[in-house]
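Here the structure comes first, spelled out in structure tokens, and everything after it is commentary.
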Amino acid sequence: MKKSISIASILLLVAGIFFVTNDAIINFLTKTDIEFYHFIFYGIPIFLCFPLYLFINGNLKINLECNSYTPPIIRGLLNIPLPFIGFIALENIKLPEFTTLNMTAPIMGTVFAIFFLKEKLNNLTYLSLLSGFVGVIFVIQPGFDTFNIYFIVTLFGVLLITITTFIVNKYDYAASSVGFFLYGGFFVHLISIPFFIYDPLIVSFFEYFLIITASIFINLAMFFTTSAFRIAQKHYASVFPLAYLQVLWSSIAGIYIFNEFMNTYAYFGAILIICSGLVSLPSQIKQIKESD
């Protein structure tokens, strides 16, 4: 179990960097004429590389077969609105704010873990989540002049993400990590085709390069995240706060690449959120010992 938790943690840390890289590229592309369906459509070849590789190796069929098709298909359908939410949110709020709001996912994940997975949490996990929750409040600043309705749009996307990760953890027996990944990306790529046909767009070489780069990172991030939560088993809540460290990467990208700054309250909130991710590490160790 210790090895599984370590692998899950490493996968989430790497996935966090990949997610932020993808979001940074989307943040740049929202300033162009590219819409979410153009972005997804041009990324289809990257997504298809994986099943093509499995087909050549003769392993595609076995990975598409599921003990239960309902969980991976529902998860795939829930993924459909996420690119649209990401594009419309990043077009109206700053990258660090977007990433920070996405860090409410561990808080939502804990609610799922307590009521649906029956996990036994320790005081460090609660401290980690409390620190993260307070940090998010400082970033959102409800009632302040900086409040933006697209904060709510982002939070709705976070809820969908949390449900998809919960499905992978709860129904890990339904499909392999590869199976969850393939079904998770199939529907969102498929639906981009009619949108692109209705509103085609020829992109520049540089824009195409950015889209391909983002597609590689987001597909790797999705696969790593799916694998992490599938093998995390009964440690869903304590592993999830590691995602909080995305705030650090996003803040760096926002400042040095896009010259996007948050106010003092928001940065204080970001610090609390980063601390939440750091506190989650000893909480994992304690939870592992208590389950042995």
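Phe55 and Phe186 fall within the same hydrophobic cluster, where Ile, Leu, Val, Met, Phe, Trp and Tyr residues are linked whenever their side-chain heavy atoms come under 4.5 Å apart, directly or through other members. When the side chains of ILVMFWY residues are joined at heavy-atom separations under 4.5 Å, either directly or via intervening members, Leu52 and Ile62 end up in two distinct hydrophobic clusters. If you chain together hydrophobic residues whose side chains sit under 4.5 Å apart, Ile212 and Ile202 fall into the same group. Grouping the Ile, Leu, Val, Met, Phe, Trp and Tyr side chains by contacts below 4.5 angstrom, directly or via other members, places Phe151 with Ile149. Transitive grouping of hydrophobic side chains (ILVMFWY, heavy atoms separated by less than 4.5 Å) brings Ile197 and Ile44 into a common cluster.
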For this session: Go through Ile80 and Leu77 one step at a time and tell me if the side-chain contact (heavy atoms from CB on, under 4.5 Å) criterion holds.
Result: CA-CA 6 Å; Ile80 291 177; Leu77 294 173; 4.0 Å; yes
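Two residues are said to be in side-chain contact when any heavy atoms from C-beta on lie closer than 4.5 Å; Leu60 and Leu182 meet this criterion. Put simply, the side chain of Ile218 does not reach to within 4.5 Å of the side chain of Phe18, judged on heavy atoms. Ile85 places a side-chain heavy atom less than 4.5 Å from the side chain of Leu160. Two residues are said to be in side-chain contact when any heavy atoms from C-beta on lie closer than 4.5 Å; His189 and Leu48 fail this criterion. Between Phe50 and Val178, the closest side-chain pair of non-hydrogen atoms falls below 4.5 Å. Annotation: side chain of Leu155 is not in contact with side chain of Leu159 (no heavy-atom distance under 4.5 Å). Proximity of Val188 to Leu82: side-chain heavy atoms (C-beta onward) are nowhere separated by under 4.5 Å. Using a 4.5 Å heavy-atom cutoff, the side chains of Leu95 and Leu90 are in contact.
How far OG1 of Thr164 is from CE of Met222: 6.0 Å, rounded to the nearest 0.5 Å. Rounding to the nearest 0.5 Å gives a distance of 9.5 Å between CD1 of Ile93 and CG of Asn27. Distance check, rounded to the nearest 0.5 Å: OG1 of Thr32 to CZ of Phe206 gives 10.5 Å. One finds the CD1 atom of Ile152 at 8.5 Å from the CG atom of Leu101 (value rounded to the nearest 0.5 Å). To the nearest 0.5 Å, atoms CG (Leu78) and OG1 (Thr162) are separated by 11.0 Å. Note that CD1 of Ile40 and CD1 of Ile34 are 12.0 Å apart. Values are rounded to the nearest 0.5 Å.
Considering Phe196, Phe84, Phe41 as possible partners of Phe36, the one that fulfils the ring-ring contact (aromatic ring centres under 6.0 Å, His included) test is Phe84. Among the candidates Phe28, Tyr208, Phe87, Phe195, the single residue satisfying the ring-ring contact (aromatic ring centres under 6.0 Å, His included) test with Phe39 is Phe87.
Residues Ile167 and Ile74 come closest through the heavy atom pair CD1-CG2, 4.1 Å. Looking at every heavy atom in both residues, Ser215 comes nearest to Gly43 through OG-CA, 3.2 Å. Taking all atoms of both residues into account, the shortest heavy-atom contact from Asn79 to Gly184 is ND2-O, 3.0 Å. When every heavy atom of Ile26 is checked against every heavy atom of Gly86, the shortest pair comes out as CG2-O, 4.5 Å. Of all heavy-atom pairs spanning Tyr183 and Cys66, the tightest one is CE1-SG, 3.6 Å. Counting all heavy atoms, side chain and backbone alike, Ala89 lies closest to Thr154 at CB-OG1, 3.4 Å.
Ser131 places no side-chain N or O within 3.5 Å of a backbone atom of Leu127 that could act as its donor or acceptor partner. Between the side chain of Asp172 and the main chain of Val168, no donor-acceptor pair closer than 3.5 Å is present. Between the side chain of Glu207 and the backbone N or O of Ser204 there is at least one donor-acceptor pair closer than 3.5 Å. No side-chain donor-acceptor contact under 3.5 Å links His38 to the backbone of Ser192. In this structure, the side chain of Asn59 does not engage the main chain of Leu54 through any donor-acceptor pair within 3.5 Å.
Taking a 6.0 Å sphere around OH of Tyr53, one finds it holds 12 or fewer heavy atoms contributed by other residues, nucleotides or ligands. Heavy atoms from other residues, nucleotides or ligands lying under 6.0 Å from CD1 of Ile193 number more than 12. Annotation for Tyr173: atom OH counts as buried by contact number, over 12 foreign heavy atoms lying within 6.0 Å. Within 6.0 Å of atom CG in Asn57, more than 12 heavy atoms from other residues, nucleotides or ligands are found, so the atom counts as buried in its surroundings.
Here the two rings, on Phe138 and Phe268, have centers that are under 6.0 Å apart. Taking the six-membered ring wherever Trp is involved, the centroid distance between the rings of Phe180 and Phe223 does not fall below 6.0 Å.
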